[in-house]
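Data first, discussion second: the structure below is written as C-alpha cells.
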Amino acid sequence: MSIRCLITAGPTREYFDPVRFISNPSSGKMGFAIAEAASALGWTVDLVAGPVSLPEPVGVMLYPVVTAEEMLRQTDALFGPCDVLIMTAAVSDWRPKVCLPEKLKKTGKNLSVELEPVPDILATLAQRRRPDQLLVGFAAETESVEENARTKLSQKKIDFIAANSVAGPAGAFGRDENQLILLGREGYRQVIGPASKKVVAQKLVAELSAALATRSC
Ligand code: C5P
C-alpha cells in the first residue's frame with residue numbers, strides 16, 4: 001500500500017514590524033529526520049517547514065512557510081489526500097495583533113505588544129479528518145510532560161501524541177538527540193530513545209506503519 005504522509009517542522013515566526021518577531025528555538029531537526037525516515041520507507045512525503053537552516057531531505061516535497069497562518073493554509077491544502085499527518089512544528093501560540101508596515105523606532109521607553117492566539121492547526125484539521133487518517137501531534141513540555149501530553153491527545157482529537165521535554169539544556173530544542181513518549185488511545189504507551197533524532201524518527205515511523213497496517217485490515 002502506498003502511504004502519503006504530511007509533516008510539519010520547525011518554528012513559526014510572528015512579526016510585529018518588518019524585522020522583529022516572536023518565535024521559539026525549534027531547529028526542525030526532529031521533523032526533518034521523520035521526513036527522511038518516512039521517505040526511506042517508500043512513503044510519499046510533503047514537508048511544511050517554518051524557518052530552519054537544514055538541507056532539503058532527499059525525495060521529499062518541501063514547502064517553506066514563515067507564519068502560523070501560512071502553515072495552516074499550506075497544511076490545509078495538502079491534508080485531503082494524506083494518510084498520516086505528523087505535526088512536529090513548534091507553532092507560535094500567539095502573534096502580535098498588529099504588524100507595523102515600517103520598522104518601529106526606539107524611544108527609550110517601555111513597549112507593550114498585544115498578542116492574540118494563532119489558529120490551532122492540528123485541532124482545525126482534526127475537525128474534518130477522515131476516520132482512516134492517522135493524526136500525530138507532538139507535545140513540547142517543560143513540566144508534567146506525560147500528563148500534559150495526554151490531555152492534548154484527547155483535547156485535539158488525534159490518534160497519537162509524542163511527548164518530549166524541552167526543559168533546560170537537556171531539552172529537545174536544537175539538540176541531535178531526543179526521547180519521546182508516544183501515547184495513543186486505549187492506554188498505548190511506548191518510550192522511544194533516548195537516541196539520535198535519526199534513530200528516534202525511524203522507530204516512530206515504524207510504530208506508525210504498524211498502526212496503519214492494523215487500521216487497514
Ligand atoms: O502547542 P501545543 O502543545 O498545543 O502543541 C501540540 C501539537 O499541536 C503539536 O503537534 C503542534 O504542532 C500542534 N499545534 C498546532 N497549532 C498550534 C499549536 C500547536 O497545530 N497553533
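On a predicted model such as this, the values are computed, not experimentally measured, just so you know. Counting starts at 1 for both ligands and their atoms, in listed order.
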Which residue and heavy atom of the protein sit nearest [atom], plus the separation:
atom	answer
atom 2 (P) of ligand 1	Lys152 NZ, 3.6 Å
atom 10 (O) of ligand 1	Met87 O, 2.7 Å
atom 4 (O) of ligand 1	Lys156 NZ, 2.7 Å
atom 16 (N) of ligand 1	Ile121 N, 3.0 Å

Taking only heavy atoms of [X], which atoms of ligand 1 are found under 4.0 Å from at least one of them?
X	value
Leu122	7 (C), 8 (O), 10 (O), 15 (C), 20 (O)
Pro119	16 (N), 17 (C), 21 (N)
Asp93	1 (O), 18 (C)
Val118	21 (N)

(request) Any chance you could measure Ile34, atom CD1, to Gln202, atom CD, to the nearest 0.5 Å? (result) 11.5 Å

(request) Answer yes when Asp76 and Arg73 have at least one side-chain N-carboxylate O distance shorter than 4.0 Å, and no when they do not. (result)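 Between Arg73 and Asp76 there is no salt bridge, as every charged N stays at least 4.0 Å from the carboxylate O atoms.
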
(request) Inspect the contact between Arg129 and Asp159 and indicate whether a charged nitrogen and a carboxylate oxygen are less than 4.0 angstrom apart. (result) yes

(request) Give a yes or no answer on whether the side chain of Ser154 reaches the backbone of Thr151 with a donor-acceptor pair at less than 3.5 Å. (result)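 A pair under 3.5 Å: yes.
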
Is [X] close to ligand 1, meaning an N/O of one under 3.5 Å from an N/O of the other?
X	value
Thr8	no
Ala139	no
Phe138	yes

(message) Looking at non-hydrogen atoms alone, which of Gly137, Ala89, Ser26, Ala9 comes nearest to atom 11 (C) of ligand 1?
(response)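 Heavy atom nearest to atom 11 (C) of ligand 1 belongs to Ala89.
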
(message) Taking the side chain as everything from C-beta on, heavy atoms only, tell me whether Ile158 gets closer than 4.5 Å to Leu153.
(response) yes

(request) Check whether any side-chain heavy atom of Leu85 lies under 4.5 Å from a side-chain heavy atom of Leu122, and answer yes or no. (result)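 Answer yes - side chains close enough.
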
(request) Assess whether side chain to side chain donor-acceptor pair (under 3.5 Å) is satisfied between Glu14 and Thr12, documenting all intermediate values. (result) CA-CA 7 Å; Glu14 313 298 333; Thr12 64; 2.9 Å; yes

(message) Does Glu143, at its CD atom, have more than 12 non-hydrogen atoms belonging to other residues, nucleotides or ligands within less than 6.0 Å?
(response) yes

